[in-house]
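Whatever order the structure lists them in is the order used to number ligands and atoms, beginning at 1. Positions are given from 1 along the sequence.
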Amino acid sequence: MTLRWRLTLLVSVILTLTFIALGALVYYLMGRYLTGAIDTSLALRAREVVNSIKVESNFLRQQRITLPDVNVFAAPDIFLQVVDSEGFIVVKSSNLGRQSLPVDPRTLTQAHLGIDFFSTESIDNYALRIYNIPLLLKGQTVGILQVARLLGPVKKTLSDLRRILIFLGLVAVLLATFLGYILARAALRPIERLTQVAARIGEGKDLAQRVPYQGPMDEIGRLAATFNAMLGRLQRAYTRLEEAYSAQRRFVADASHELRTPLTTIRGNVDLLRKMKGTDTAVREEALADIASEAERMSRLVNDLLTLARADAGLEIKREPMEISVLLQEVARQAPLLGEATFTARGIENLAGQQVMGNRDYLKQLFFILLDNAFKYTPANGKVELSATVDQQKIIIKVQDTGPGIAPEDLRHIFERFYRADANRSSGGTGLGLAIARWIVEQHQGEIKVESRVGEGTTFIVILPLLKTV
Ligand code: ADP
């Protein structure tokens, strides 16, 4: 059963019950009112009769009562009867004909106690309301006056009322059910639309859809807004996921491709060595050297891939306070071994005592990636410089070279994995160095920038936050 029908049913059940309760109350009050009116009229009539009863004394000082003509007090629907203390009829109004008003033992008992009371009786299927009033003489009950009235009209009124109430009740319930259904449908329509949109999204995966809702910010409005906000978040997350997934796929494809090249060279050289029957040592040495250098390249590549895989897996570099100048001096000492260009270090001594939150091994790897590139791409007569300065709470380390520079269109991509500027394809690099460098800098809450001019040289700038000295 749908919510709409449940709501409708609830409304009609509540309404039906309310109507039954109300109808019953009206019916009961009306019954009481009508009977009350009859009782009042009976009591009035009885009072009139009693008032016209005469008490006379004869010469023996015996008293006796004289009854008036009861027919004077009767009306088409009012009957009178007087019985003596034994219950025998003394006189009755002529409209009773051959009938008489019932006198049961209870009536006599009550009368002897001097109590007047009302009772409802029926004669020949006619319901009668009777007022019994004892007639007293010197405190003795000498008879009973009974005034009665037919209850037929009251009964008829009440049964008419009952029919009207039932009819109106049915109409009201039907109307309420109909209105309830329409109201429930109107109230639930936005939810219906929400369901439709959700279903469409489920089928078509179109996360750009939104629930169209124009209305007040009530429960439904908030539901629609929440739903739309959730869709927005889902859409963003989905886009990010798709980007990450395609990046991952690209990475795997590139990695397999990069690994295949050295393997092909190694296999080619091994085949050559196998086929070589003679002992041409020069060729053999060359083949072995090729194998060795490709194997080394491969192990570098695998190492780099491993580092990036760890980075992707969310590895966080462990850091501790360390003196940066000590590390830079060590790097500067080893740097000249990386190539033939002239190397200078500048400003490292100014950093003495300055501390950063860092990881010695990873920071060393970072500077070697930059210096290695600088030496790799700078001719022997060029220059490579490592310089350091402190600026407010940051330290700025620059690796500058006088190499060929990087074209502006390449500059945007050099931090991407496997990206190598075409001109440097033959450099033997993996294209992963700068991607790793960027990850290391990010892990140190730092920044890495590059400035380059084709034909003049390149400068890589690493900015690291200084540890606040207390
Ligand atoms: P690779 O192993 O190829 O050096 P990197 O990620 O370290 O990979 O560098 C990406 C590319 O950026 C290089 O292939 C090169 O084209 C360019 N590049 C990096 N450093 C320099 C530099 N100092 N001078 C000129 N080009 C550079």
Out of [options], whose heavy atom is nearest to [atom]?
{"atom": "atom 2 (O) of ligand 1", "options": "Thr430, Ile436, Leu301", "value": "Thr430"}
{"atom": "atom 1 (P) of ligand 1", "options": "Gly405, Ala407, Gly431, Ala435", "value": "Gly431"}
{"atom": "atom 5 (P) of ligand 1", "options": "Val454, Asp304, Leu434, Leu370", "value": "Leu434"}

Taking everything shown except Glu286 itself, do over 12 heavy atoms lie less than 6.0 Å from its CD? no
I need the atoms of ligand 1 closer than 4.0 Å to a non-hydrogen atom of [X], numbered in the order shown.
{"X": "Gly433", "value": "5 (P), 6 (O), 7 (O)"}
{"X": "Thr458", "value": "24 (N), 25 (C)"}
{"X": "Lys376", "value": "1 (P), 2 (O), 4 (O)"}

Are [X] and [Y] side-chain neighbours, meaning at least one heavy-atom pair lies under 4.5 Å?
{"X": "Leu466", "Y": "Gln355", "value": "no"}
{"X": "Thr120", "Y": "Ile130", "value": "no"}
{"X": "Val450", "Y": "Phe415", "value": "yes"}

Classify the ring geometry of Phe418 against Phe251: parallel below 30°, tilted from 30° to 60°, perpendicular beyond 60°. tilted
Would you say Phe415 touches ligand 1, if touching means a heavy atom closer than 4.0 Å? no
Is the closest heavy-atom distance from Pro404 to ligand 1 below 4.0 Å? no
Ligand 1 contact on Tyr419 by region, counting heavy-atom pairs under 4.0 Å: backbone
Counting only heavy atoms closer than 4.0 Å, does ligand 1 sit against the backbone of Asp401, its side chain, both, or neither? side chain
Does any N or O in the side chain of Arg149 come within less than 3.5 Å of the main-chain N or O of Ile78, such that one atom is a donor and the other an acceptor? no
Walk me through whether Asp401 and Tyr377 qualify under side-chain hydrogen bond (donor to acceptor under 3.5 Å, both in side chains). CA-CA 9 Å; Asp401 66 49; Tyr377 300 115; over 6 Å; no
